[in-house]
Each structure stands twice: as structure tokens, then as C-alpha cells.
Amino acid sequence: MVTRGFVSGRRPPTDHDTRIPPGQYLEQGFPVLSAGPTPHVRTEDWSFTLKHGPRPIKKWNWAEFSALPLTRMTRDIHCVTAWTKFDTAWQGVLVDDILADAGIAPPTAYTLALSFDGYTTNVPAKDLLDGKAMVALLYEGKPITPDHGGPARLLVPHLYFWKSAKWLNGLQFTERDEPGFWELRGYHIYIYGDPWREQRYSGDP
């Protein structure tokens with residue numbers, strides 16, 4: 001006999017449920033979203049510059065940067081447009097290892113990610129350290145395609161994916177929290193875009 005009140009149509013949460021932030025859905029593909037045309041940057045023309053304000057600290061060409069320690073990172077990613085993709089596999093250089101090669105600690109609390117197409121996004125320095133972020137060079141063991149930000153893109157998987165700037169060519173430490181491309185156009189700046197708190201737009205908590 002089944003007694004009313006002791007049977008529920010609700011099912012217990014699955015592993016998938018607990019990995020998808022509020023307002024997101026699971027995506028099997030890998031959508032391509034960009035603010036403008038896709039630049040095609042040859043590795044021969046690529047460079048990466050670490051800056052403190054306008055002052056360059058150190059610059060690497062492709063061969064020099066590729067010779068830095070490479071780390072594998074498999075993470076779920078979450079796009080502000082509401083899709084989540086599980087277990088994306090990347091390989092690249094941790095921001096910690098970039099700073100170590102430059103012989104510096106973060107000089108300020110704020111950074112801007114800089115891209116070849118002029119795109120920028122702000123990220124607190126603490127969110128790039130302690131193994132949280134890398135400059136990715138490979139996706140699923142292959143060079144990152146231009147549509148997905150190759151030859152190198154920032155990867156900050158614990159924040160909405162607009163923070164993982166495509167076509168990366170530098171990181172700039174700034175004295176204050178300067179808004180980037182989407183932050184100037186209404187995306188969240190003050191608490192930086194945490195998918196678990198649905199910090200998509202400037203009015204969100």
C-alpha cells in the first residue's frame with residue numbers, strides 16, 4: 001500500500017545536477033561566441049607580454065612561451081549565455097608559472113586580460129593564482145582553433161567563460177579594477193561573474 005504524502009515526484013539530485021550552476025543547461029557541443037570577427041594569428045606572429053600598467057615586465061614569443069612548464073587541466077566551463085560544458089580538457093601554462101618565469105609576485109590586486117583583437121576583460125589577480133587559471137595552448141590534445149581563441153586563450157574556469165579571453169596576448173596588472181569590453185556593456189564587474197551566484201549583469205547580487 002502507498003500512503004499519500006510519502007511519495008514525491010521529485011528525484012534526488014544527480015552528479016550532473018550538482019555540477020550545473022543555476023540557470024544553466026548542459027551543452028554537448030562547444031558553441032562559438034565572439035564579440036567580433038575571428039582573428040587568425042600565426043604562432044610566428046604571436047607574443048605574450050606581462051605588464052604593470054603601461055610598463056612591460058617581460059615578453060615571450062611562441063617558442064619561449066611554449067617552453068615554459070605545461071599543465072593539464074580538465075574542468076567544467078560555464079558560459080554567461082546559459083550553457084555549461086562538462087570535462088573540457090586543456091593544456092597550457094599556469095599563470096603562477098608565468099609569474100615565476102618573470103621573477104615577480106602580483107604587483108597589484110587587479111588584472112586586465114588583453115587580446116589581439118582589442119578585447120579586454122578584468123579579473124582579480126587572486127582568481128588567476130594558486131592553479132586557478134592558465135594560458136591554454138591545447139584543447140583535447142590539439143592546438144586551439146581560431147574560433148575557440150587559438151593559438152592561446154586565457155582559461156579561468158571557475159568564472160563565467162567571458163572572463164576566459166580568446167586570442168590572448170598579454171596580462172596587465174592595474175592599480176584599480178578597470179572594466180573590460182563586456183563589463184563596459186553591462187556585464188558584472190563588482191563581484192566578477194560567479195556562475196554559482198548568477199552574476200551575469202551589473203544589477204545582479
Side-chain angles (χ1 to χ4, degrees), residues 27-51 54 56-95 97-99 101-102 111-123 127-128 132-174 178-187 193:
E27 171 64 56
Q28 299 298 332
F30 198 159
V32 174
L33 301 170
S34 301
T38 298
H40 289 73
V41 182
R42 302 187 310 161
T43 55
E44 298 93 327
D45 301 324
W46 184 90
S47 64
F48 180 89
T49 305
L50 194 64
K51 297 181 178 181
I57 299 171
K58 186 165 183 176
K59 185 175 182 178
W60 297 259
N61 61 28
W62 181 261
E64 293 165 340
F65 196 86
S66 299
L68 297 178
L70 295 181
T71 298
R72 297 180 187 274
M73 184 183 288
T74 300
R75 297 288 188 274
D76 299 344
I77 55 176
H78 314 287
C79 182
V80 72
T81 60
W83 57 262
T84 285
K85 184 172 178 61
F86 287 166
D87 299 320
T88 60
W90 307 86
Q91 191 171 354
V93 182
L94 293 177
V95 174
D97 291 327
I98 297 171
L99 297 178
D101 192 66
T111 64
L112 274 175
L114 311 174
S115 298
F116 272 90
D117 65 342
Y119 179 87
T120 60
T121 190
N122 64 322
V123 186
D127 286 280
L128 300 177
K132 295 176 185 173
M134 67 163 49
V135 176
L137 308 179
L138 302 173
Y139 176 68
E140 293 189 339
K142 299 178 181 178
I144 301 171
T145 62
D147 281 346
H148 287 297
R153 71 174 298 158
L154 187 62
L155 178 67
V156 192
H158 65 286
L159 302 181
Y160 279 125
F161 213 45
W162 97 76
K163 297 295 186 180
S164 295
K166 295 180 177 182
W167 313 299
L168 194 72
N169 69 349
L171 285 175
Q172 179 180 16
F173 289 98
T174 58
E178 299 184 15
F181 180 89
W182 285 117
E183 292 80 20
L184 287 169
R185 291 160 175 79
Y187 278 30

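Below, all heavy atoms of this structure are taken into account, side chains as well, without hydrogens, waters or symmetry copies. Along the sequence shown, the residues carry numbers beginning at 1.
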Problem - CG on L70 to CG on L68, rounded to 0.5 Å - result: 8.0 Å
Practice task
Identify the heavy atoms of L184 and P179 that sit nearest to each other, and give their distance.
Solution key: CD2-CG, 3.6 Å
Exercise for the section: State the OG1-NE2 distance between T145 and H40, to the nearest 0.5 angstrom. Expected result: 8.5 Å
Practice task
Specify the closest pair of heavy atoms between W90 and A136, including all atoms of both residues, with the distance to one decimal.
Solution key: CE3-CB, 3.8 Å
Handout entry: Candidate list L114, L112, V95, L99, test side-chain contact (heavy atoms from CB on, under 4.5 Å), partner L171, passing option
Key = V95
Handout entry: Sub-4.5 Å side-chain heavy-atom contact between K163 and E183
Key = yes
Exercise for the section: Could you check whether the rings of Y119 and F181 sit parallel, tilted or perpendicular, using 30° and 60° as the cut-offs? Expected result: tilted
Exercise for the section: Can you measure from OG1 (T111) to NZ (K51) and round to the nearest 0.5 angstrom? Expected result: 13.5 Å
Exercise for the section: Please report the closest heavy-atom contact between H158 and K132, naming both atoms and the distance. Expected result: CE1-CB, 4.0 Å
Practice task
Go through the steps for L94 and M134 under the test side chain to side chain contact (heavy atoms under 4.5 Å, CB included), then give the verdict.
Solution key: CA-CA 4 Å; L94 293 177; M134 67 163 49; 4.1 Å; yes
Completion exercise
To the nearest 0.5 Å, atom OH of Y139 lies from atom CD1 of I144 at 10.0 Å
Handout entry: Side chain proximity check, L137 to F65, heavy atoms < 4.5 angstrom
Key = yes
Exercise for the section: State, to 0.1 Å, how close A152 and W62 come at their nearest heavy-atom pair, and which atoms those are. Expected result: CB-CZ3, 4.4 Å
Fill in the blank from the handout: Residue set satisfying side chain to side chain donor-acceptor pair (under 3.5 Å) with T43, at least two apart, ordered chain then number -> none
Practice task
Supply the atom-to-atom distance N122 CG to Q172 CD, rounded to the nearest 0.5 angstrom.
Solution key: 12.0 Å
Practice task
Just say parallel, tilted or perpendicular for the rings of H148 and F30, cut-offs at 30° and 60°.
Solution key: tilted
Exercise for the section: Just jot down the salt bridge (Lys or Arg N to Asp or Glu O under 4.0 Å) partners of K58, sequence neighbours excluded, or say none. Expected result: D101
Exercise for the section: Please answer whether the main-chain N or O of V156 pairs with a side-chain N or O of S164 as donor and acceptor at a distance below 3.5 Å. Expected result: yes
Exercise for the section: Can you measure from OG1 (T88) to CG (L155) and round to the nearest 0.5 angstrom? Expected result: 6.5 Å
Practice task
Would you confirm whether T121, through its side chain, and G180, through its main-chain N or O, come within 3.5 Å as a donor-acceptor pair?
Solution key: no
Exercise for the section: Look only at the side chain of K85 and the backbone of Q28, and say whether a donor-acceptor pair between them is shorter than 3.5 Å. Expected result: yes
Practice task
Please answer whether the main-chain N or O of K166 pairs with a side-chain N or O of S115 as donor and acceptor at a distance below 3.5 Å.
Solution key: yes
Exercise for the section: Can you sort out the partners of W167 under ring pair (Phe, Tyr, Trp, His ring centres under 6.0 Å), two or more places apart, ordered by chain and number? Expected result: none
Handout entry: Whether F48 and W60 hold their rings parallel, tilted or perpendicular, with breakpoints at 30° and 60°
Key = tilted
Practice task
Considering non-hydrogen atoms only, spot the tightest contact between P39 and P146 and give its length.
Solution key: O-CB, 3.9 Å
Problem - W83 vs I77 side-chain heavy atoms within contact, under 4.5 Å - result: yes
